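In this text the structure is predicted, and so the values were computed from the model without any measurement. Computed from heavy atoms alone, side chains included, the values below leave out hydrogens, waters and symmetry copies. Each chain gets a letter, A, B and so on, in the order its sequence line appears, and its residues count up from 1.
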Protein chains: 4
Amino acid sequence: MAPRTKESFEKIRTEKKALILDAALELFASEGYHVTSVSKIAQAAGISKGLIYNYFESKEEILETLVFTTMEELLDMIDPNKDGVMTDEEFVYMIDMNFKWLEANSDFLKLYFAMMLQPTVLKLVEVKLMELTIPVFKVISNYFDSKGCENPMIEARYLNSLLDGININYAIDPTSIPLDAMKQKVLQQYAPYYNSI
Amino acid sequence: MAPRTKESFEKIRTEKKALILDAALELFASEGYHVTSVSKIAQAAGISKGLIYNYFESKEEILETLVFTTMEELLDMIDPNKDGVMTDEEFVYMIDMNFKWLEANSDFLKLYFAMMLQPTVLKLVEVKLMELTIPVFKVISNYFDSKGCENPMIEARYLNSLLDGININYAIDPTSIPLDAMKQKVLQQYAPYYNSI
Amino acid sequence: MAPRTKESFEKIRTEKKALILDAALELFASEGYHVTSVSKIAQAAGISKGLIYNYFESKEEILETLVFTTMEELLDMIDPNKDGVMTDEEFVYMIDMNFKWLEANSDFLKLYFAMMLQPTVLKLVEVKLMELTIPVFKVISNYFDSKGCENPMIEARYLNSLLDGININYAIDPTSIPLDAMKQKVLQQYAPYYNSI
Amino acid sequence: MAPRTKESFEKIRTEKKALILDAALELFASEGYHVTSVSKIAQAAGISKGLIYNYFESKEEILETLVFTTMEELLDMIDPNKDGVMTDEEFVYMIDMNFKWLEANSDFLKLYFAMMLQPTVLKLVEVKLMELTIPVFKVISNYFDSKGCENPMIEARYLNSLLDGININYAIDPTSIPLDAMKQKVLQQYAPYYNSI
DNA sequence: GATGAATGAGTCTTCATTCAT
DNA sequence: CATGAATGAAGACTCATTCAT
C-alpha cells in the first residue's frame, strides 16, 4: 500500500498534539503540575504513555508549550496593533477582554498563578513570562501618563493588581465572584481616565 | 526571605515542632509543597528525618498545621473582638494590618495562594479555609451595609480582590510593587466610607 | 572512523540491507550495542525505522548478521585453501593480513571484543564464534607442530594472545600504537619458525 | 532506646557499600553494564532497589567507584615505591603480579576492557583511566631504556599488548588458556632484559 | 527522644517492535 | 516497499514512611 502522505502525518501530529495539550492543561490546572503524572495525561488524552514523548521532549516541555502559546495569544489582546500606544477604546477593550478571556480560560489562569508563585520549580518559564509581561506594563503606564496621571507606573500596578485579584478569585472559585458586577465597578473606577478628565 | 523568625510558632509548646514548621514554611513557599521532601525539611530544621514523624503524622499534617495556625492568627486581626461588627477604626486598621502582615508573611501568602489554586490536591485544607473565610466577608459586608452601600457583598468582594491582587503580586515578587503607595491608594479609594459620607 | 565504505557489505544483494549493516556496525562499535537504538540506525542509514524490520527480524539479528558475515570473511583469510595446512608463506601472510585487516576493520574488532567479553548477553553469538575460532587454532597449532615446536597449542595461544593484545589496543585507540613497528616485532619474534630453524 | 552510635552507622555503611560493589562487579562483568539493571544489583546484594541510592548517587557512580578503586590498587602494584624507577626485581614482580592478579580479578578485567572498548558510553571514566595508565607506560619504558633498548616506548607497548592479550583471553574464557605456561613464556621472552644483557 | 538505614510504590523516560496507510 | 504513529514493558531514580537501635 502507498505510505501516508506528508500532509496526512502532519495532520495527525497537529491534532494529537492539541489533544495532549488540552488534557494537560485541564489536569495541571485542577490537580497541579507535580501531582499530574504523564500517565494521567496520556489516559485523559486517550493515548499511551509512550506516545506523549513522540510529541514532547518532556513533561516540562508540555508545560512550556502550554504557557508560551497562551501567553502570546494573550498579549495580542493588550496591544492589538503592537504600536505601544493605547487609545481610550483600547483601554476599555483591554478591560473588557480581561473578563471575557477570564471566563474562557480560568484553567490557564490557575496554572499561570500557580507557576508564578513557585519560581524555583520552573525558573525558565518564569524568566520568559517576566519578559512577556514587561511591555504590557509599559503600554498601560504610557496610557495613564498621557492622561496626566501623576504616577502612571503606580497606577498601572494598581490596576494590574485589581484585575489579578479578581482573576485569581474567579480562578479559585468561579461561583464566588460575580464577573459582570466586577467589570462594571472596574470600568466605573477608571471612567475618569477614558472619559478624558 | 520573609522576616519570620525562628520564634514564629512559639505558641506551639514543643520547640522542635516550631523548628519544623518554620523550616517547612520557608521551603514550601520557595520550592513548593510537592517539590519539598521531608528530608529537606529535616535538614533545614537541623534534625533527623525520623524525628519529624514524632511530631507530625505525615507531611500533609505539617502543611495543615502550618495553614490553620496562621489562618487563625490572621483572622484575629480582622475582627479582634469577634463581635461581628466593624468600626471605622477597625476598617482602616484591617487595611493597615493587611499591609503590615503582608510584609512579614509573604512566605505564608505564597503557600496560601498556591494551595487555594489547586483544590484537588488538598481538599480538606480547602474546605476548612473556606469556612474560616466566610465570616470575614460577613463582617466587611456588614460594614459597607452600615455605610449605606447599595450592594455591600459586591463591595466586599471587590475590596478583597483588590487586596488579594496586591498581596499575590507582592508574594510573587516583593520588589515589583511599592507597598506604601498601594496602601495610600487603597485608603484613598475607600476614604468616602470611613470618613462617613 | 574506519575506512569501511558504504559498499562493504555489497555481497549482500539488497542494497538497503547493506546500508543498514554499515550504519549499524559504525554505531555498535562507537556507542555500543545496547546504547544504539534502532531509530539511530535507521537515521544513520537514511531510512525509516519501520523499514529495518522488512530486512531484519530484530535488532539482534542485525548484530548476528554483522558478526557472522564478517567472521566468515575473516576466516577465509587464515586458511585460504581450507586444507588445514599452513605453509611458511601462509603463516607470514596471516600475520601480514592481521595488520592489514586491523586497519580497515577496527570498528568490527571493537564490536567483536565487546561481544566476547559479555557472553551472557549474546549466548548464541558466542557459541557460534567459538565454533568458528577452533579450526583456526588447529591450523596454527599444526604449523608450529610441523616446525618441531614442543608445545604447539601453547605457542598458538601465545601468538593469538599477542595479536589480540595488539588488535584490542589498536581498536581502543588507533593512535596509541604504531602498527608497522608492532608488525616488525611480531615477524621478528616468529622468524625462527618460518625461516625453518 | 539509645540511638545507634556514629561508629555503628559507619560500619553499616561500609559493609553495605562493599556488598553492593561486589554484586555490581559480578553482574557488570558477566552481563554487561547496560544490561545490568539496578534492580538486579539490589536483588543480588539482597537489599531493596531504593537502598542502592542511599549509598550511590547513580548507577554510573557505582561503576566509577568500582573502576577507580581497583585501578588505584592495581597501579600500586606496578611501581610500589612510586619512585618512577623500576628495578629488575620489580620488573619480574610486575609480570608475576599480572598473572596473580588476573586469576583473582578476571571479573574486573572483563569490565575494564568492555569499558575501554566503548568510550562514548563512559567518557568520564575513560579519561580518568587514560590518566592513570600513562605513568605506567612511562615507568616500563624507562626500564627498557635503562637496559639500552633502542625503542623503549615501542617495547613497552609490545609487552603491554602481549599481557593485555593474555589477560583478555583469560577474562573471556579462563579454561582456554594455561596461565602458568603463558607466564613462563613471557618471562623467558624478556629474560634478556632482567638478566642484564 | 533521636537517628538514619531500609522499603516499595510511584515517577519520568526510553525503546524494540507492530501496524495502518 | 516505505513511513512514522502507536504501544507497552522495562529502567533509573525519588521519596514518604517505618523501624531497629
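- Atom P of nucleotide E:dA5 and atom CD1 of D:Ile20 are separated by 11 Å, given to the nearest angstrom.
- Looking at every heavy atom in both residues, C:Ala171 comes nearest to C:Ser106 through CB-O, 4.2 Å.
- Of the two residues near DNA chain E, D:Gly50 and A:Gly50, the one whose nearest nucleotide lies more 5' is D:Gly50.
- Rounding to whole angstrom units, CD of residue B:Gln43 and C1' of E:dT3 are separated by 14 Å.
- To the nearest angstrom, C1' of E:dA16 lies 12 Å from CZ of C:Phe28.
- With F:dA16, F:dG4, F:dA10 as the choices, the nucleotide that has an atom nearest any side-chain atom of A:Phe9 turns out to be F:dG4.
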Q: Output, in order, the C-alpha distance, side-chain angles, deciding distance and verdict of side chain to side chain contact (heavy atoms under 4.5 Å, CB included) for A:Lys17 and A:Thr65.
A: CA-CA 10 Å; A:Lys17 220 164 168 171; A:Thr65 307; 5.5 Å; no
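- Going from atom CD1 of A:Ile47 over to atom P of F:dG8 covers 12 Å, rounded to whole Å.
- For A:Tyr53 and F:dA6, the shortest distance from a side-chain N or O to OP1 or OP2 is not below 4.0 Å.
- Taking a pair as Watson-Crick or G-U wobble with both distances under 3.5 Å, DNA chain F forms stems of 3 or more consecutive pairs at E:2-21 with F:2-21.
- Remark: of the listed residues C:Asp22, C:Asp107, C:Ile41, C:Leu111, C:Ile41 is the sole one forming a side-chain contact (heavy atoms from CB on, under 4.5 Å) with C:Leu27.
- With distances taken from any side-chain atom of D:Lys16 to the nucleotides E:dA6, F:dA2, E:dA5, the minimum falls on E:dA6.
- Of all heavy-atom pairs spanning D:Phe108 and D:Val67, the tightest one is CE1-CA, 3.8 Å.
- What separates CD1 of D:Ile62 from C1' of F:dA12 is a distance of 11 Å, to the nearest Å.
- Taking 4.0 angstrom as the limit, A:Tyr55 places a side-chain polar atom (N or O) nearer than this to OP1 or OP2 of F:dA6.
- Nucleotide F:dA12 holds its C1' atom 16 Å from the CZ atom of D:Phe56, rounded to whole Å.
- Side-chain proximity of B:Ser58 to the nucleotides E:dT13, F:dT17, E:dT17 is greatest for F:dT17.
- Map A:Lys49 and C:Glu57 each onto its nearest nucleotide of DNA chain E; the residue landing nearer the 5' end is A:Lys49.
- For CD of A:Glu61, the number of neighbouring non-hydrogen atoms (other residues, nucleotides, ligands) closer than 6.0 Å is greater than 12.
- With hydrogens and angles left out, the side chain of D:Lys11 and the base of E:dG4 share no donor-acceptor pair within 3.5 Å.
- Scanning both residues, C:Phe56 and C:Ile62, for their nearest heavy atoms gives CG-CG1, 3.6 Å.
- Checked by distance alone, D:Arg4 brings a side-chain donor or acceptor within 3.5 Å of a matching partner on the base of F:dA20.
- When rounded to the nearest whole Å, the span between CD of D:Glu10 and C1' of E:dG4 equals 12 Å.
- Judged purely by atom type and a 3.5 angstrom limit, D:Lys59 uses its side chain to pair as donor or acceptor with the backbone of D:Tyr33.
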Q | Verdict with reasoning, D:Lys110 to D:Phe28, per side chain to side chain contact (heavy atoms under 4.5 Å, CB included) | A | CA-CA 9 Å; D:Lys110 266 184 170 173; D:Phe28 286 170; over 6 Å; no
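- Nearest nucleotide to the D:Val38 side chain, out of E:dG10, F:dA16, F:dA12: F:dA12.
- Position along DNA chain F of the nearest nucleotide to D:Lys59 versus A:Ser48 favours A:Ser48 as the more 5'-ward residue.
- A:His34 has its NE2 atom 15 Å from the C1' atom of F:dC13, to the nearest Å.
- Residue D:Ile52 is out of contact with every strand shown, counting any heavy-atom pair closer than 4.0 Å.
- Nearest-nucleotide assignment on DNA chain F puts the 5′-proximal partner with C:Asn54, out of C:Asn54 and A:Leu51.
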